[in-house]
Amino acid sequence: MRKYSKIDGLFKREGFAMSLLQNKIALITGATSGIGRATALALAREGVHPILIGRRETRLQEIGREIEQKYRRRWLALPLDVRHQREVQQKIDTLPVEWQAIEILINNAGLARGVSKLQEGELTDWEEMIDTNVKGLLYITRAVVPGMVRRQKGDVVNIGSIAGHEVYPGGNVYCATKHAVNALTKGLRVDLVDTPIRVSSIDPGLVETEFSIVRFHGDEQRAKNVYTGMEPLHPEDIAEGIIFIVSRPAHVQIADMIIFPTAQRSATIVSRKE
Ligand code: NDP
Ligand code: 8X3
């Protein structure tokens with residue numbers, strides 16, 4: 001009989017991914033919150049040793065300690081702004097030797113800013129989104145993937161969005177950055193065709209994290225309204241999708257996984273109860 005246990009609020013079959021992922025090293029960007037944090041914890045639960053990247057160092061330390069206490073994994077906090085190319089390259093190039101063989105890269109750091117019409121948009125918001133979601137993802141990928149190619153081993157998972165498949169009112173530049181992530185995922189997958197390295201993207205609809213608080217520049221009430229009257233996805237739902245992707249047998253590559261809350265059917269079609 002199959003054994004199920006409740007871990008972190010999720011039911012999972014024991015040993016589902018454990019043996020495949022045991023002792024691998026993963027680098028997760030945006031690990032201080034939301035999807036990145038949930039993914040770091042889920043990977044650690046499966047036996048992975050995570051490198052945690054984000055700008056808020058105290059949070060990186062807290063999450064690292066949680067990983068150590070719950071799962072007894074090694075972890076490394078790497079405080080870093082993914083927009084700073086030289087620092088990205090330098091920090092990856094000078095990782096302690098026991099952390100260099102990164103086998104799983106989760107390109108998750110990203111953000112939306114505002115919902116202005118394009119003709120009224122804030123240039124600083126545009127630049128922050130493009131620099132983080134597109135250029136930051138490129139800088140990290142450029143620094144990490146050559147090592148995977150040398151070792152002939154690795155998984156790259158980019159966190160895209162339904163906003164990379166559709167556009168919605170006020171989504172203009174954010175949607176453009178996620179369309180770019182979609183294209184970069186496909187481009188990298190093609191460029192790595194002669195290697196065993198797999199490239200995947202996971203594209204969620206509404207997930208309740210700090211995302212909307214950041215989008216609305218700290219307006220928590222406005223952020224809450226995004227999820228009113230419906231059950232959004234939880235960051236752990238996306239983390240479980242990532243575990244599924246990276247724990248497939250070596251000959252199986254998940255190209256793209258679109259995940260919606262049940263109450264959502266497209267970027268703009270959401271059923272809300274009073
Ligand atoms: P959160 O705001 O909760 O988390 C975003 C993470 O990105 C934080 O850890 C933040 O860390 C990090 N980050 C932002 N900018 C930088 C930077 N310049 N350098 C390093 N880290 C950075 O949001 P989510 O968890 O929801 O977002 C994660 C990803 O998921 C994003 O790419 C987002 O676009 C995508 N997504 C989110 C959806 C949602 O509905 N929530 C749906 C679809 C996709 P710190 O501030 O400490 O640097
Ligand atoms: C986040 C989901 O619909 O706010 O990528 O763009 S959405």
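Indexing begins at 1, ligand by ligand and atom by atom, following the structure's order.
Closest to atom 39 (C) of ligand 1 among all protein heavy atoms lies Val207 O, 3.5 Å. What sits closest to atom 7 (S) of ligand 2 on the protein, heavy atoms only, is Tyr168 OH, 3.5 Å. Of all protein heavy atoms, the one closest to atom 2 (C) of ligand 2 is Ser161 OG, 3.7 Å.
Checked against a 3.5 angstrom limit, the closest N/O atoms of Gln264 and ligand 2 fall outside it. Polar contact check, Gly30 against ligand 1: a nitrogen or oxygen pair lies under 3.5 Å apart. At a 3.5 angstrom cut-off on N or O pairs, Val82 counts as close to ligand 1. Residue Ser161 has no nitrogen or oxygen atom sitting less than 3.5 Å from a nitrogen or oxygen atom of ligand 1, judged on distance alone. Checked against a 3.5 angstrom limit, the closest N/O atoms of Gly36 and ligand 1 fall outside it.
When heavy-atom distances to ligand 1 are checked against a 4.0 Å cut-off, Thr132 comes that close only through its side chain, counted from C-beta outward. If you look at Lys178 next to ligand 2, there are no close heavy atoms at all, none under 4.0 Å.
Residue-ligand proximity: Gly160 is placed with a non-hydrogen atom under 4.0 Å from ligand 1. Ligand 1 has no atom lying under 4.0 Å from any heavy atom of Ser212. Close to ligand 1: Lys178, with a non-hydrogen atom less than 4.0 angstrom away. Within the structure, ligand 1 lacks Leu233 among the residues with a heavy atom less than 4.0 angstrom away.
Near Tyr174, meaning under 4.0 Å from any of its heavy atoms, are these atoms of ligand 1: 33 (C), 34 (O), 36 (N), 44 (C). Close approach of ligand 2 to Ala163 is summarised as follows: ligand atoms under 4.0 Å from at least one heavy atom of the residue are 6 (O). In the vicinity of Arg215, heavy-atom distances shorter than 4.0 Å reach the ligand 2 atoms 4 (O). Less than 4.0 angstrom separates some heavy atom of Tyr174 from each of these atoms of ligand 2: 1 (C), 5 (O), 6 (O).
Among Ile63, Leu80, Asp81, the residue whose heavy atom lies nearest to atom 18 (N) of ligand 1 is Asp81. Comparing Asn108, Thr32, Leu206, Val181 against atom 28 (C) of ligand 1, the shortest heavy-atom distance belongs to Asn108. Of the candidates Gly110, Pro232, Ala109, the one placing a heavy atom closest to atom 22 (C) of ligand 1 is Ala109.
For Asn172 (side chain) and Ser116 (main-chain N/O), a donor-acceptor pair under 3.5 Å exists by modelled atom type.
Between the side chains of Thr141 and Asn107, a donor-acceptor pair is found at a separation under 3.5 Å.
Taking the six-membered ring where the residue is Trp, the centroids of Tyr168 and Tyr174 are separated by 6.0 Å or more.
Closest approach of Pro50 and Ile67 over heavy atoms only: CG-CD1, 3.7 Å.
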